[in-house]
Enquirer: 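I have a structure I would like to understand better, so I am pasting it below and will then ask my questions one at a time.
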Amino acid sequence: MAKKKKIKKTNEERILDQHGIEYQEMSFDWLNLGQTALTEAETAGMPAKSILKTIVLQANDSSRDYLVICLPLEHEIDLKVVAAELGKKQVHLADNKKLIQITGYVHGANTPIGINFKQGFPIYFDERIKDFPEISVSAGKVGRSVRMSQKALVELVNGKYLKVE
């Protein structure tokens, strides 16, 4: 019988362990399968609205004013609404080519857990996720996610709820 290969934990999973937060590790191979993350998640039976993407924004063209918005995969973000909600003159997407310098993660692996603990950027969650007791976010590696209590995650990263659309 073949041995089951043990998956090495990500730093984000270690943070969850250190804080006693229960989670379920999930791996997806959607890129190699030619699918979208949303398609594979739905195939796994997870509600699309409970799977979050992590978007890094820059405010007021300041190289020191970054923030993170987490919202369901199927939704879009209205930058004018976010700026108004946060009392910022303007917000725009952070430069995709500089994401690793800004957050420490490549595109597709950004996670509110790691960004909060490494960078201390403010983390905001789409207020519509309040309806979901469990949510999924990136585990800090492309194709890896963690599913956990929505309230535990928001509390862990000192998150706030925000209208994003």
Side-chain angles (χ1 to χ4, degrees), residues 8-16 23 25-42 46 48-129 132 135-148 150 153-165:
K8 184 178 175 185
K9 288 189 177 194
T10 65
N11 288 334
E12 291 65 29
E13 291 165 332
R14 286 187 203 92
I15 290 169
L16 294 173
Y23 63 92
E25 183 275 324
M26 299 175 302
S27 294
F28 297 101
D29 195 24
W30 56 274
L31 282 174
N32 291 329
L33 296 173
Q35 297 180 329
T36 66
L38 188 57
T39 302
E40 188 160 333
E42 288 174 335
M46 290 182 281
K49 291 179 181 172
S50 72
I51 302 161
L52 307 185
K53 56 186 170 184
T54 303
I55 299 176
V56 181
L57 300 177
Q58 187 174 8
N60 302 327
D61 282 328
S62 169
S63 62
R64 295 187 184 145
D65 197 357
Y66 291 102
L67 57 118
V68 174
I69 304 286
C70 299
L71 70 156
L73 282 176
E74 63 182 13
H75 291 294
E76 298 297 320
I77 189 169
D78 185 325
L79 298 175
K80 289 182 180 180
V81 169
V82 170
E85 288 285 311
L86 295 175
K88 304 279 185 183
K89 183 177 176 182
Q90 66 173 342
V91 296
H92 58 84
L93 296 175
D95 186 343
N96 207 19
K97 294 175 187 166
K98 294 181 181 177
L99 267 182
I100 197 158
Q101 296 167 343
I102 297 166
T103 66
Y105 297 93
V106 298
H107 178 74
N110 279 290
T111 170
I113 301 165
I115 293 172
N116 176 261
F117 278 83
K118 287 181 181 179
Q119 306 298 342
F121 297 159
I123 311 289
Y124 297 94
F125 293 88
D126 184 333
E127 65 186 7
R128 292 172 289 197
I129 71 161
F132 293 93
I135 55 171
S136 299
V137 295
S138 173
K141 185 177 177 185
V142 175
R144 284 278 286 282
S145 295
V146 285
R147 187 148 185 88
M148 59 192 294
Q150 173 258 128
L153 175 62
V154 172
E155 187 176 299
L156 175 70
V157 301
N158 298 311
K160 294 181 175 49
Y161 296 102
L162 186 72
K163 181 179 176 180
V164 300
E165 246 184 5

Enquirer: Going by the salt bridge (Lys or Arg N to Asp or Glu O under 4.0 Å) test, which pairs reach into residues 154-165, not counting sequence neighbours?
Expert: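 For residues 154-165: Arg128-Glu165.
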
Enquirer: List for me each residue that meets salt bridge (charged side-chain N to carboxylate O under 4.0 Å, His left out) alongside Glu25, sequence neighbours excluded, and say none if there are none.
Expert: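 Glu25 satisfies salt bridge (charged side-chain N to carboxylate O under 4.0 Å, His left out) with Arg144 only.
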
Enquirer: Contact between Ile102 and Phe121 at the side-chain level, heavy atoms closer than 4.5 Å - yes or no?
Expert: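 Answer yes - side chains close enough.
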
Enquirer: Holding to ring-ring contact (aromatic ring centres under 6.0 Å, His included), I want the full list of residues that pass it with Phe132, two or more places apart in sequence or in another chain.
Expert: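 For Phe132 there are no ring-ring contact (aromatic ring centres under 6.0 Å, His included) partners, ignoring immediate neighbours.
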
Enquirer: Hey, is the main chain of Gln90 close enough, under 3.5 Å, to the side chain of Asn60 for a donor-acceptor pair?
Expert: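 At least one qualifying donor-acceptor pair exists.
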
Enquirer: Of the non-hydrogen atoms in Leu71 and Glu76, which two are nearest, and what is the gap between them?
Expert: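 The pair with the smallest heavy-atom distance is CD1-O, 3.4 Å.
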
Enquirer: Who passes side-chain hydrogen bond (donor to acceptor under 3.5 Å, both in side chains) against Tyr23, sequence neighbours left out?
Expert: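 side-chain hydrogen bond (donor to acceptor under 3.5 Å, both in side chains) list for Tyr23, sorted by chain: Lys9, Asp17.
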
Enquirer: Has the side chain of Ser138 got a donor or acceptor atom that lies under 3.5 Å from a matching backbone atom of Thr111?
Expert: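 Not at all, since once roles are kept as given, no pair shorter than 3.5 Å links the two residues.
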
Enquirer: My understanding is that only residues two or more places apart in sequence, or in another chain, count here; which of them pass side-chain hydrogen bond (donor to acceptor under 3.5 Å, both in side chains) with Glu127?
Expert: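 Here no residue qualifies.
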
Enquirer: Locate the shortest heavy-atom distance separating Ser50 from Arg147; write the atom from each residue and the value.
Expert: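 Heavy-atom minimum between the residues: OG-NH2, 3.0 Å.
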
Enquirer: Test your reading of the model: is there a side-chain donor-acceptor pair from Gln58 to the backbone of Ser62, 3.5 Å cut-off?
Expert: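 Yes, because the side chain of Gln58 sits within donor-acceptor range (under 3.5 Å) of the backbone of Ser62.
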
Enquirer: Just to verify, what does Asn96 make a side-chain hydrogen bond (donor to acceptor under 3.5 Å, both in side chains) with, not counting sequence neighbours?
Expert: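 So Asn96 forms a side-chain hydrogen bond (donor to acceptor under 3.5 Å, both in side chains) with His107.
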
Enquirer: Counting only heavy atoms from other residues, nucleotides and ligands, does the tally under 6.0 Å from NZ of Lys53 exceed 12?
Expert: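 Yes, because the 6.0 Å sphere around NZ of Lys53 holds more than 12 heavy atoms from other groups.
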
Enquirer: Please collect all ring pair (Phe, Tyr, Trp, His ring centres under 6.0 Å) contacts where either partner lies in residues 76-105, sequence neighbours excluded, each pair once.
Expert: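 Not a single pair qualifies under ring pair (Phe, Tyr, Trp, His ring centres under 6.0 Å).
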
Enquirer: Which heavy atom of Cys70 sits nearest to which heavy atom of Thr54, and what is that distance?
Expert: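 Nearest pair, atom of Cys70 first, then Thr54: SG-OG1, 3.9 Å.
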
Enquirer: Using the rule given for side chain to side chain contact (heavy atoms under 4.5 Å, CB included), can you reason through Phe125 versus Ile123, listing the C-alpha separation, both sets of side-chain angles and the distance that settles it, and then say yes or no?
Expert: CA-CA 7 Å; Phe125 293 88; Ile123 311 289; 3.6 Å; yes

Enquirer: Among residues at least two apart in sequence or on other chains, which ones pass side chain to side chain contact (heavy atoms under 4.5 Å, CB included) with Gln150?
Expert: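 Partners of Gln150 by the side chain to side chain contact (heavy atoms under 4.5 Å, CB included) criterion, ordered by chain and then number, come out as Ile129, Ile135, Val154, Tyr161.
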
Enquirer: Once salt bridge (charged side-chain N to carboxylate O under 4.0 Å, His left out) is applied, do any residues pair with Asp65, and if so which ones, sequence neighbours excluded?
Expert: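 By the salt bridge (charged side-chain N to carboxylate O under 4.0 Å, His left out) rule, Asp65 matches Lys88.
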
Enquirer: Going by side chain to side chain contact (heavy atoms under 4.5 Å, CB included), name the residues that satisfy it together with Leu57, two or more places apart in sequence or in a different chain.
Expert: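 By the side chain to side chain contact (heavy atoms under 4.5 Å, CB included) rule, Leu57 matches Ile55, Leu67, Ile69, Ile77, Leu79, Val82, Val91, Leu93.
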
Enquirer: Applying side-chain hydrogen bond (donor to acceptor under 3.5 Å, both in side chains), name anything that partners Asn11, two or more places apart in sequence or on another chain.
Expert: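 Counting only residues at least two positions away or on another chain, Asn11 forms a side-chain hydrogen bond (donor to acceptor under 3.5 Å, both in side chains) with Arg14.
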
Enquirer: Partners of Ser145 by side chain to side chain contact (heavy atoms under 4.5 Å, CB included), sequence neighbours excluded?
Expert: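 Ser145 satisfies side chain to side chain contact (heavy atoms under 4.5 Å, CB included) with Met26, Phe28 once adjacent residues are dropped.
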
Enquirer: Please lay out, stage by stage, how Leu156 and Leu16 fare under the test side chain to side chain contact (heavy atoms under 4.5 Å, CB included).
Expert: CA-CA 9 Å; Leu156 175 70; Leu16 294 173; 3.6 Å; yes

Enquirer: To the nearest 0.5 Å, what is the distance between NE2 on His75 and NZ on Lys49?
Expert: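 With rounding to 0.5 Å, NE2 (His75) is 5.5 Å from NZ (Lys49).
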
Enquirer: Among Ile51, Val157, Asn110, Val146, which residue satisfies the side-chain contact (heavy atoms from CB on, under 4.5 Å) criterion with Val137?
Expert: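 So the option named by the test is Val146.
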
